[in-house]
Chemist: 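Encoded as structure tokens, here's the structure I'll be asking about.
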Amino acid sequence: MPRKTQTTDLLMNLEQALSTAVAEAFEALYGENIADQVALQPTKKEFAGTYTFVTFPYSRITKEKPDVAAQRMGEKVQESSDLLSGFNVVKGFLNLEIGDAAWVKVLASIAQTEQYGVAEPIGQKVMVEYSSPNTNKPLHLGHLRNNFLGYSVSQIMDAAGYEVKKVNLVNDRGIHICKSMLAYQKYGEGETPESAGIKGDHLIGKYYVEFDKHYKAQQYEWMETQKANHPELASIEDLREFKKGVDDKNKTKQPLSDEERAAMKPFKELQAQAEKEATLLKEAQEMLRKWEQGDEDTVVLWKQMNGWVYDGFNATYNTMGVTFDKFYYESDTYLLGKDLVEDGLSREVFYQKDDGSVWADLSGDNLDQKLVLRSDGTSVYMTQDMGTSDLKFQDFAFNKSIYVVGNEQDYHFQVLFTIMKKLGREYADGMYHLSYGMVDLPTGKMKSREGTVVDADDLMAEMQQTAKNYTAEKGKIDDPDSEEAQALYHMLGMAALKYYLLRVDPKKRMLFNPQESIEFQGDTGPFIQYTHARIKSVLRRAEQVGHAKDVATFGTLTQLHPTEVEVMALLARYPDKIQEAADTYSPSVVAQFAYDLAKEYNRFYQEVPILNEVDAPTLAFRLAFSEQVAKTIAHAMQLLGIQVPERM
RNA sequence: GCCCCUAUAGCUCAACUGGAUAGAGCACCCGCCUUCUAAGCGGACGGUUUCAGGUUCGAGUCCUGAUGGGGGUACCA
């Protein structure tokens, strides 16, 4: 899709301007308009030039050898565009060289822009749903990836010109909350976050675990009374020990004995029975029924416990630095969607079975049959999501609706989107599942049962502590306990964590290595922050001395250092990078860009003096140039939800 | 069983959507602080892009198959 170019800011997007020039040259030479398909690519480091036009694909039109066409194209472009200082041809590759004077103009143009990189509003609305926690346990590492992604994508869409609405669909009802509630009722003894001195979400999580403990105990108790009926199990003294033994063997990949193998099948059957027989579960289900009927005591308890959780979540969101424009609660939306089932039946998108259950037949879409209403008339997750998507559209009339949800729900969203399309919802084409991969630990998958879950609050606190230790080690701070210092530690720790999680392509499963994540060197958030702080330091000093950095002073400059050109080439690409990140819903594009820019600038910083430069225009350029790099770094980091310090 | 995702340097990740000799960081080794922040910079080492075919001027990228890893799979959310 060609983006509009304004002649006034031609220099603002060099690539765009050059593409146009190339397309015009092509049309002049070969009489065909290829403006839609012209794609310039960055020139490889080992060749001279900044942008490269590849002529191979056009040999059918040019009827010339690719290198000949490239040569003629180069000559033509140079005639028509004063941006070019020269070009070279290698095989079918036309490498376009931008003159230093042109780069100076580009910088001047960037410096005069209010917020370089940000697109004009495009008149489109996008809703981004993310976080969407359950209220029965605190947030963990997986949620961090979700929240950071959701927030960052929102920022990126905003920078790409969309009107953005960030929403959080809180799963505040259902059997899992009832489990916590029940356990609290039974074993809580009136404990509160204040009395226990723990955050509300952690307190509720504690009772969720408590429920599971008692529930398991009940199951085994019941199973012991039944095992006599199963010959393979009768001789086992303690079923719990037996299961533990088998699990251990499986984990360490030892073979099971014949007896064990034979006993596993009846054991599993018995366990499945036990899960249903255990009275605790029945009690929890009863509680859910009471909640749905609006039983007062139940609702009061539910409100109280959810209130605690929200206090806890708010604190966590605050530390994470994420925000929402609107909250949806499943307690409000769980009944939605039933009218859509009716609608679907009348449109014959759904069909009803004899038992009364309603199904969508999506076998034609390679998706099989999917239940949308139980035989007892109650709705399922899918029903609710159908209703909620209508509600969201009513609320915001979006062009795009993004769901930031883990990839274990790929199937669910494929089905949801297909159904909504079949139901004639035109907005369905704008629905997108931003599916991200699980976060693994070096020890494998996070498992709550095995206690390997990395708690979000703990992790963030650790990151801040690490930042403090590291800073102390460097001896860079006067008063390590001042408020300013604390703010810095928080900034650094969160940057390390966010950058670590965001630099990876969202859809890929990733490894969270605790040792690596707290690294502050190399391809890390703090490295980029450091580059920013470093530039700011130079700028402060220049300010004190009173050095000029205005266009009037550096505008006439015609000669740049090679490292300056490299950095300028990156800087010039920023608007496109934002666009690419928005098109692919991928903060990793921005992360990569910020790193490249910082890296390349540091090279310049190392090789080229700034404050000691005697030539006034050159000095002014280097200051203005450094300032723009700092601003762009800060902005790119902001798109990742990362703050950047003035000094560190 | 069926469906979806994934596989790139010892490890963690890139590769601008089919372009040139596949790049960074970490780890290991060697250099650089009497100059603007060394949380930095340079250099060395490291690759049959899991395997086998195919498509074309050109394939890490596309198509087919195999293998390894992960996820989902009809009254859970």
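Letters A, B, ... mirror the listed sequences (proteins, then strands); counts begin at 1.
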Chemist: Going by ring centres under 5.5 Å and near-parallel planes (under 30°), is Phe93(A) stacked on A20(B)?
Modeler: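 Base of A20(B): stacked against Phe93(A).
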
Chemist: Please work out if Glu607(A) contacts a base, only the sugar-phosphate, or nothing of the nucleic acid, heavy-atom cut-off 4.0 Å.
Modeler: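 Since no nucleic acid heavy atom lies under 4.0 Å of Glu607(A), the category is nothing.
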
Chemist: Rounding to the closest angstrom, what is the interatomic distance between C3(B) and U64(B) at atom P?
Modeler: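 About 12 Å, rounded to a whole number of Å.
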
Chemist: Can you tell me how far P in C76(B) sits from the matching atom in A66(B), rounded to whole Å?
Modeler: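 Those two atoms are separated by 35 Å.
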
Chemist: Can you tell me how far C1' in G65(B) sits from the matching atom in G58(B), rounded to whole Å?
Modeler: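 Approximately 24 Å lies between the C1' atom of G65(B) and that of G58(B).
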
Chemist: With P as the reference atom in both, quote the distance from G42(B) to G25(B) in angstrom, rounded to an integer.
Modeler: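 Roughly 8 Å separates the two P atoms.
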
Chemist: For Tyr605(A) and G40(B), do the ring centres fall under 5.5 Å apart while the planes stay under 30° apart?
Modeler: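 So no, this residue does not stack on that base, at least one cut-off failing.
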
Chemist: Using atom C1' of each nucleotide, how far apart are A27(B) and A44(B) to the nearest Å?
Modeler: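 Nearest-Å result for A27(B) against A44(B) at atom C1': 14 Å.
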
Chemist: Where the side chain of Arg374(A) is defined as all heavy atoms beyond and including C-beta, which of G72(B), U37(B), C76(B) is the nearest nucleotide?
Modeler: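 Side chain of Arg374(A) sits closest to C76(B).
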
Chemist: Check whether the aromatic ring of Phe47(A) stacks on the base of A20(B), taking stacking as ring centres less than 5.5 Å apart and planes within 30° of each other.
Modeler: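 Stacked: centres under 5.5 Å apart, planes under 30°.
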
Chemist: Counting the atoms with a prime plus P, OP1 and OP2 as sugar-phosphate, which does Glu408(A) contact under 4.0 Å by heavy atoms, base, sugar-phosphate, or nothing?
Modeler: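 Here Glu408(A) touches the backbone only, sparing every base.
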
Chemist: Using the P atoms only, state how far C2(B) lies from G60(B), rounded to an integer number of Å.
Modeler: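 Rounded to whole Å, the distance is 31 Å.
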
Chemist: With the side chain of Trp359(A) defined as its heavy atoms from C-beta on, choose the nearest nucleotide among U37(B), C75(B), U21(B).
Modeler: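 Closest of the options to the side chain of Trp359(A): C75(B).
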
Chemist: From the list A77(B), U35(B), C13(B), which nucleotide is the closest neighbour of the side chain of Tyr381(A)?
Modeler: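 Within the option list, the nearest is A77(B).
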
Chemist: Mind checking the P distance from U17(B) to C30(B)? Whole angstroms is fine.
Modeler: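 Result for the P pair: 41 Å, nearest Å.
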
Chemist: Partner lookup for U8(B), please. Criteria are Watson-Crick or G-U wobble with both distances under 3.5 angstrom; report none if nothing qualifies.
Modeler: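 In the structure as shown, U8(B) has no Watson-Crick or wobble partner.
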
Chemist: Testing Thr524(A), Leu144(A), Asn513(A) for side chain to side chain contact (heavy atoms under 4.5 Å, CB included) with Tyr500(A), which one passes?
Modeler: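 So the option named by the test is Asn513(A).
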
Chemist: When you get a sec, tell me which of G71(B), C13(B), A38(B) is the closest nucleotide to the side chain of Tyr530(A)?
Modeler: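 The closest nucleotide is A38(B).
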
Chemist: Ignoring the backbone of Arg541(A), work out which of A39(B), U37(B), G25(B) is nearest its side chain.
Modeler: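 Taking heavy atoms from C-beta onward, the closest nucleotide is U37(B).
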
Chemist: Could you give the distance separating G23(B) and G68(B) at their C1' atoms, to the nearest angstrom?
Modeler: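 The same atom, C1', in both gives a distance of 26 Å.
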
Chemist: So if I take every side-chain heavy atom of Asn612(A) and compare against A74(B), U35(B), G72(B), which nucleotide ends up nearest?
Modeler: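 The answer is U35(B), which lies nearest to the side chain.
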
Chemist: Please report the interatomic distance OG(Ser180(A)) to CG(Asn306(A)), rounded to the nearest 0.5 Å.
Modeler: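 So the OG of Ser180(A) and the CG of Asn306(A) are separated by 9.5 Å.
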
Chemist: Who does U35(B) pair with, Watson-Crick or G-U, both distances under 3.5 Å?
Modeler: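 Across all strands, not a single nucleotide pairs with U35(B).
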
